[in-house]
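Report on one structure; see the data block that follows.
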Amino acid sequence: MSDSRVPSARAYREAIVGDLAPVRPLMKPSRRVWLLVPIGLLLAATAPFVNGIRGDLSPYAPLLTWGATGLQAIFGLWLLALGFREAVPGRNVSWPSLALAAALTMVLVGAITVVTNAASATVVPAGREWRDWMECVVWPALIGSPFMVIATLMAARAFPTRPAIAGALCGLSAGVLSDAGWRLSCWISDPVHLAESHGFAILTLTAAGALIATVLDSRHWRRLRRS
Amino acid sequence: MSNLREPAPEDPALRILMADYQAGSVQAFDRLHDALAPDLRAYLRSLTRDAARADDLLQETFLQVHRARAAHTPGEPVRPWVFAIAKRVFLMDVRAAARRTRHEQEQQASAAVATTADHLHTRHRVESALRQVPADGRRAFLLHHLFGFSFKEVAAKLGIKPGAAKIRSSRAASFMRSLLREKRDE
């Protein structure tokens, strides 16, 4: 590699020393998660408060309504903590842990769906498949987007070494939190509908988180190389 | 991976130095650099198997650490944080090198087509004209047109602004054109 590629030892020290201003260090990942807890809980409560709660579950309330939603919301916040941890260089989450997080998400959301369906089986009425599918993809994705963006931006500030994974975990967290509330508003319990639409909304937010984090990271590196 | 040098155990003093560095202390940066550089250099050498490249990447690592220093959480281990950034710097370099190699292969493939006597003659004329172009402009011109670096990358390599790189390359190209025109007319 030629000398022109990287400045000489003295030049790079001078560049660093010349730019040495005090900086405000980042908070611990756990403290940053606590900052987002109120927003996360608000996200999980948005759909039920705005759209109302499906009435057919009342005999089983509150365990099956707010109980399951609370459990899913806590799990979503745990995913956020995992994402913030992943974002810290040198503290990457292992592949088995990532696989476990993905499996737990499917198991938890799936189990809540199955229990809800067992309590009150409702299906998509004929002729409304496309409309209901759209509604249950677009709304949870829209409701979860602000949280996903904030969480991903916060993760990106930690200089993640695997930005796509950190962003995906933040997006997954937003998806799970958003779905925690949406499941109370959507009156369909059919597992197929939930897998196809609610699951798709979660996946969309996960992919969007990964994409945003990757774009931010590549911009960050371009800026670093320029400076 | 057993041949890779593992980071040494964390020294608690490093965390204090890192906090002082974040507060803007030059001495803290120097001491942090002295404490981490030998192991980092060895780590990068084990990754690259090339001493010169490892030294380049070491400097790049410290530049990235400097830019990202606010991202370090006070009290957290410093060594794994810096080593993870070093590994990322290495991976980004590998990616950039792969891009350069692809570009060079494409250039070679297109050059291989043009191996007739006429082309050799043209090449000779171009090379002789190139030698007459002022060194600053020649460098910018070659980095952009031959090696395929963007003007931003050229600017970073030459330590100038992207606009200046563009102007130098453009002036060199005009100069080359006029020289080649003269030679053709002769």
Side-chain angles (χ1 to χ4, degrees), chain A residues 1-33 84-93 153-166 214 216-227, chain B residues 7 18-19 21-26 28-30 33 37 48 50 52-53 55-60 62-89 91-93 96-97 139 143 150 152-159 161-162:
Chain A
M1 239 174 258
S2 67
D3 288 347
S4 62
R5 191 154 175 206
V6 177
S8 70
R10 185 185 289 177
Y12 98 86
R13 188 191 172 276
E14 277 171 7
I16 288 175
V17 170
D19 186 50
L20 202 53
V23 288
R24 192 174 159 202
L26 216 57
M27 281 186 280
K28 281 186 174 190
S30 55
R31 285 193 66 188
R32 279 181 285 143
V33 171
F84 280 180
R85 191 198 140 153
E86 165 64 36
V88 177
R91 294 189 65 187
N92 293 145
V93 180
L153 286 174
M154 284 174 79
R157 274 203 65 203
F159 202 61
T161 52
R162 296 189 299 182
I165 294 173
T214 307
L216 287 173
D217 183 70
S218 65
R219 277 185 57 192
H220 182 73
W221 277 87
R222 271 206 303 273
R223 235 186 2 249
L224 287 176
R225 284 193 184 281
R226 269 208 303 271
S227 56
Chain B
M18 188 68 199
Y21 176 34
Q22 287 175 320
S25 162
V26 178
F29 165 71
D30 285 335
H33 183 278
T48 58
D50 178 343
R53 197 170 154 220
D55 286 345
D56 283 352
L57 293 182
L58 178 71
Q59 294 188 10
E60 177 102 15
F62 275 105
L63 285 172
Q64 307 295 12
V65 163
H66 176 69
R67 291 289 179 209
R69 68 193 185 282
H72 181 264
T73 310
E76 293 291 315
V78 177
R79 209 172 265 272
W81 186 78
V82 175
F83 273 75
I85 291 175
K87 188 170 183 188
R88 187 84 203 283
V89 166
L91 291 173
M92 295 300 272
D93 188 65
R139 240 174 142 197
L143 283 170
S150 69
K152 279 175 193 164
E153 289 169 323
V154 173
K157 284 175 194 311
L158 300 181
K161 289 184 175 168

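We use all heavy atoms of the structure for the numbers below, so side chains are in, but hydrogens, waters and symmetry mates are not. Letters A, B, ... are given to chains in the order of the sequence lines, protein chains preceding strands, and every chain is numbered from 1. All values derive from a computational prediction rather than experimental measurement.
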Which atoms of A:Arg91 approach chain B - backbone, side chain, both or neither, heavy atom under 4.5 Å: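 Looking at A:Arg91, just its side chain touches chain B.
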Contacting moiety of A:Pro163, where chain B heavy atoms sit under 4.5 Å: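 Side chain only.
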Contacting region of B:Ala155 [heavy-atom separation from chain A under 4.5 Å]: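 Neither; nothing under 4.5 Å.
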Atom group of B:His72 that falls short of 4.5 Å from chain A, counting heavy atoms: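 Backbone of B:His72 only, per the 4.5 Å heavy-atom cut-off to chain A.
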Chain B interface, residue from A:Met27, A:Arg24, A:Lys28 that has the most non-hydrogen pairs under 4.5 Å: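 Winner by heavy-atom pair count: A:Lys28.
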Among A:Pro89, A:Gly90, A:Ala21, residue most engaged with chain B (heavy-atom pairs, under 4.5 Å):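 Most pairs with chain B among the choices: A:Pro89.
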Working for side-chain contact (heavy atoms from CB on, under 4.5 Å), residues B:Glu76 and A:Leu26: CA-CA 11 Å; B:Glu76 293 291 315; A:Leu26 216 57; over 6 Å; no
Distance in Å, B:Arg67 CZ paired with A:Phe159 CZ, rounded so as to fall on 0.5 Å steps: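 Answer rounded to 0.5 Å: 11.0 Å.
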Of B:Val26, B:Val65, B:Leu63, the residue whose pairing with A:Ile16 passes side chain to side chain contact (heavy atoms under 4.5 Å, CB included):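 Exactly one candidate clears the test, B:Leu63.
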Residue, of B:Ala84, B:Ser25, B:Ala19, B:Ala70, that accumulates the most heavy atom pairs under 4.5 Å with chain A: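 Heavy-atom pairs under 4.5 Å are most numerous for B:Ala70.
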Minimal non-hydrogen separation, A:Pro160 against B:Arg88, with atom names: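 Answer, listing the atom of A:Pro160 first, then B:Arg88: O-NH1, 3.3 Å.
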